[in-house]
Peer 1: 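Right, I'll just put the structure down here and ask away after.
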Amino acid sequence: MIDLRLLRTDPERVRASQRARGEDPTLVDALLSADEARRAAVSRFDALRGEQKLLGKQIPKAAGDDRAALLEQAKKLADDVKAAEAEQHEADAELKRLQLALSNVVVDGVPEGGEDDFVLLETVGTPRDFTADGFEPRDHVELGKLLGAIDLERGAKVGGARQYYLTGVGALLEIALMNMAMAQATKYGFTPMITPSLVKPEAMEGTGFLGQAAENVYHLADDDMYLVGTSEVALAGYHMDEILDAGKLPLRYAGYSSCYRREAGSYGKDTRGIIRVHQFEKVEMFSYVAPEDAEAEHQRLLEWEKEFITALEIPFRVIDVAAGDLGSSAARKFDCEAWIPTQGKYREVTSTSNCTEFQARRLQIRMRGAAGVQPLATLNGTLCAMPRMIVAILENHQNADGSVTVPPALRPYLGGREKLEPVTG
RNA sequence: GGAGGAUUUGCCUAGCGGCCGAAGGCGUUGGUCUUGAAAACCAAAGUGGCGAGAGCCACCGUGGGUUCGAAUCCCACAUCCUCCGCCA
């Protein structure tokens, strides 16, 4: 949610942000006039209400004709107050509606444009040369079948398209990754959390997923509840309506939860395998920090993501996502993309967003510090999204015989296992 | 699912339709006292909005209603607790 003071003092900056995102800059002007209308309505109501209170104090003291006259006057005033209050409510609602529709103001330096206009920040590791290794790499679907790790046919039979079973070592692999991710997060002071996947509209709205992202969110109409697409929703909602002690910041949480995505509008994309699925598990990092620390925290989250992928010995690159490809809450976003050998390209495995004070304003999360009470900044970053990380591990560490070498950093979490072997029969 | 009870300012609690934004205790902060601390005493201290400011207005779980006037009366909903039924 936009800071109305910024909107009033520097509307052009907000318009520029909207243009960079490819969104409507005139929303800014609609907001400005709604803000003005609301302030006028508030003043009217305040004045009338003050008058009513004053009058009300005289009534118990008056008697006889005086009292009757006052009552008559008060009765009339009561109608005016009621009308003014209704007008104020309307003005409030209109302003709120417009405020919720406006996306976060992007950070200076974010590349303009859409999905393809990202800026490449760095490349880590080198894609493996399978020609030199003397064999044609199998894709994760094939490997998953050989290893008895992924069952897509039965996933489709039971759950439909984009559903899967992780079986045998596949299931163990996910649990190992979860443990490895939690171990790293804990090492850096994150509090491990297992969070609700089913949340109320406020949490979903507050985190900004009911705007443009709404079509990808599962809604349970009978109960008016939502299935989260990431534990970010539950972790941001955790401190909803709270005022946090600035001295206790940063607060860092590592959430593990199921994530659900409708994947509307991605028909025909990534239909093979488990790159794009309706349900998966994820370990997500989430930070509450003072606004002035947000950019530094964003860099830290990125470093922690890089550390995790590097430990798994997967080649990847880091991109600075362009404004038009940001979620509505994000002021800046960095993606880590892992090399997928059989696709011959880098694919997103983690993503970290600086939401500045945007979500905090929507969720009414503030901090109390030397400067008084003010909104704080929230940031999130993927530590490990299971299916895609499994894809990257299987494809990058496969051997000619269909086995997969377990990267040493992961072995302790797999009972010391060094290799996943094809199952026979 | 059924029957009761509860929800007040950081916490615990008091609160007659008007003098209640709300008493008291605890905790917090500042001060006095003390070599220092504790204790005691004095004082300060909610959140939001409007306004240049003095100040004004809103907020007693949420939303409605009754009334000139609601923390207080009425209705609905939410959450929590207890009991019954069902169940992982």
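This structure is a prediction, so every number in the text was calculated from the model and none was measured.
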Peer 1: For B:A45 and B:U9, measure between their C1' atoms and round to the nearest Å.
Peer 2: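 Comparing C1' positions in B:A45 and B:U9 gives a spacing of 12 Å.
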
Peer 1: For B:G48, take OP1 and OP2 only and decide whether either is under 4.0 Å from a side-chain N or O of A:Arg366.
Peer 2: yes

Peer 1: To the nearest Å, give me how far apart NZ (A:Lys76) and C1' (B:U67) are.
Peer 2: 18 Å

Peer 1: Taking the C1' atom of each, how far is B:G4 from B:A88, in whole Å?
Peer 2: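 Approximately 27 Å lies between the C1' atom of B:G4 and that of B:A88.
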
Peer 1: How many whole angstroms separate atom CG of A:Asp46 from atom P of B:G51?
Peer 2: 10 Å

Peer 1: Measuring centre to centre across the rings, with the benzene-like ring taken for any Trp, is A:Tyr188 within less than 6.0 Å of A:Trp304?
Peer 2: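 Between A:Tyr188 and A:Trp304, the centre distance is under 6.0 Å.
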
Peer 1: For atom C1', what is the distance between B:U47 and B:G61, given to the nearest Å?
Peer 2: 16 Å

Peer 1: Which one, B:G49, B:G64, B:C57, comes nearest to the side chain of A:Arg38?
Peer 2: B:G49

Peer 1: Tell me whether the side-chain N/O atoms of A:Arg49 come closer than 4.0 Å to OP1 or OP2 in B:A58.
Peer 2: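 Looking at the OP1 and OP2 atoms of B:A58, one of them is under 4.0 Å from a side-chain N or O of A:Arg49.
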
Peer 1: Kindly point out which of B:U47, B:C50, B:G69 is positioned nearest to the side chain of A:Gln52?
Peer 2: B:G69

Peer 1: Closest to the A:Lys53 side chain: B:U47, B:A58, B:C50?
Peer 2: B:A58

Peer 1: Check whether the side chains of A:Gln359 and A:Thr207 place a donor and an acceptor atom closer than 3.5 Å, and report yes or no.
Peer 2: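 Not at all, the side chains of A:Gln359 and A:Thr207 share no donor-acceptor pair under 3.5 Å.
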
Peer 1: Could you measure between the two C1' atoms, the one in B:A52 and the one in B:A44, and give it in whole Å?
Peer 2: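 Approximately 27 Å lies between the C1' atom of B:A52 and that of B:A44.
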
Peer 1: Determine which nucleotide pairs with B:U66, using a 3.5 Å limit on both distances of a Watson-Crick or G-U wobble pair.
Peer 2: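 WC or wobble partner does not exist here.
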
Peer 1: Using the P atom as the reference point in each nucleotide, state the distance between B:G63 and B:G24 in Å, no decimals.
Peer 2: 29 Å

Peer 1: Before we go on, tell me: are the rings of A:Tyr260 and A:His278 under 6.0 Å apart, centre to centre?
Peer 2: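 Not close enough - the centres of the two rings lie 6.0 Å or further apart.
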
Peer 1: Which whole-number value in Å describes the distance from A:Leu48 CG to B:C68 P?
Peer 2: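 One finds 17 Å between P of B:C68 and CG of A:Leu48, rounded.
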
Peer 1: Using the P atoms only, state how far B:U8 lies from B:C60, rounded to an integer number of Å.
Peer 2: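 Looking at atom P only, B:C60 and B:U8 are 12 Å apart.
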
Peer 1: Nearest-nucleotide wise, let me know which of A:Gly56 and A:Ala47 is further upstream toward the 5' end of RNA chain B.
Peer 2: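 Closest to the 5' end, via its nearest nucleotide, is A:Gly56.
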
Peer 1: Can you figure out which of B:G48, B:G64, B:C57 approaches the side chain of A:His89 most closely?
Peer 2: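 Closest of the options to the side chain of A:His89: B:G64.
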
Peer 1: Can you check whether A:Lys96 has a side-chain N or O nearer than 4.0 Å to OP1 or OP2 of B:G49?
Peer 2: no

Peer 1: Across all strands shown, which nucleotide pairs with B:A40 by Watson-Crick or G-U wobble geometry, both distances under 3.5 Å?
Peer 2: B:U32

Peer 1: Find the distance A:Glu242:CD to B:U47:C1' and express it as a whole number of Å.
Peer 2: 14 Å

Peer 1: From the list B:C57, B:G69, B:C50, which nucleotide is the closest neighbour of the side chain of A:Ala78?
Peer 2: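 My answer, after comparing the listed nucleotides, is B:G69.
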
Peer 1: In whole Å, I'd like the distance from the CG atom of A:Leu77 to the P atom of B:C57.
Peer 2: 13 Å

Peer 1: Answer yes or no: is there an ion pair linking A:Lys282 with A:Glu284, defined by an N-O contact shorter than 4.0 Å?
Peer 2: yes

Peer 1: Is it true that a side-chain atom of A:Arg347 and a backbone atom of A:Ile340 form a donor plus acceptor pair closer than 3.5 Å?
Peer 2: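 Checked: no pair found.
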
Peer 1: With both distances under 3.5 angstrom, what nucleotide forms a Watson-Crick or G-U wobble pair with B:C16?
Peer 2: none

Peer 1: Measure from the side-chain N and O atoms of A:Gln18 to the backbone N and O of A:Asp24, and report whether any donor-acceptor pair falls under 3.5 Å.
Peer 2: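 Checking the backbone N and O of A:Asp24 against the side chain of A:Gln18, a donor-acceptor pair under 3.5 Å is found.
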
Peer 1: Rounding to the closest angstrom, what is the interatomic distance between B:C26 and B:U7 at atom P?
Peer 2: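 So the two P atoms sit 23 Å from each other.
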
Peer 1: Using atom C1' in both nucleotides, what's the gap between B:C83 and B:C77 to the nearest angstrom?
Peer 2: 23 Å

Peer 1: State which of B:C68, B:C57, B:C50 makes the closest approach to the side chain of A:Ala74.
Peer 2: B:C68

Peer 1: Which sits closer to the 5' end of RNA chain B, A:Glu85 or A:Lys200, going by the nucleotide each is nearest to?
Peer 2: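 Final value for this comparison: A:Glu85.
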
Peer 1: When both hydrogen-bonding distances must be under 3.5 Å and the geometry is Watson-Crick or G-U wobble, what is B:G21 paired with, if anything?
Peer 2: none

Peer 1: Please give the nucleotide sitting opposite B:C60 as a Watson-Crick or G-U wobble pair, both distances under 3.5 Å, or none.
Peer 2: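 Answer to the pairing question: none, since B:C60 forms no Watson-Crick or G-U pair.
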
Peer 1: Suppose we define a pair by two distances each less than 3.5 Å, Watson-Crick or G-U wobble; what does B:U82 pair with here?
Peer 2: B:A3

Peer 1: Rounded to whole Å, how long is the line connecting atom CG of A:Leu244 with atom P of B:G46?
Peer 2: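 Those two atoms, CG and P, are 19 Å apart.
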
Peer 1: Could you tell me how far apart A:Leu4 (CG) and B:G49 (P) are, to the nearest whole angstrom?
Peer 2: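 Taking atom P of B:G49 as the reference, CG of A:Leu4 is at 9 Å.
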
Peer 1: Nearest-Å distance, CD (A:Glu51) to C1' (B:C57)?
Peer 2: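 Value for this atom pair: 14 Å.
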
Peer 1: Which nucleotide in the list B:C68, B:G64, B:A70 gets nearest to the side chain of A:Lys75?
Peer 2: B:C68

Peer 1: Across all strands, who's sitting opposite B:G55 as a Watson-Crick or G-U wobble pair, both distances under 3.5 Å?
Peer 2: B:C50

Peer 1: Please check if the distance between the ring centroids of A:Phe190 and A:Tyr253 is under 6.0 Å.
Peer 2: no

Peer 1: Just N and O in the side chain of A:Arg39: are any of them under 4.0 Å from OP1 or OP2 of B:G51?
Peer 2: yes

Peer 1: Should A:Asp151 and A:Arg154 count as an ion pair when the cut-off is N to O under 4.0 Å?
Peer 2: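 Salt bridge flag = yes for A:Arg154 with A:Asp151.
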
Peer 1: OP1 or OP2 of B:U47 sitting under 4.0 Å from any side-chain N/O of A:Arg368?
Peer 2: yes

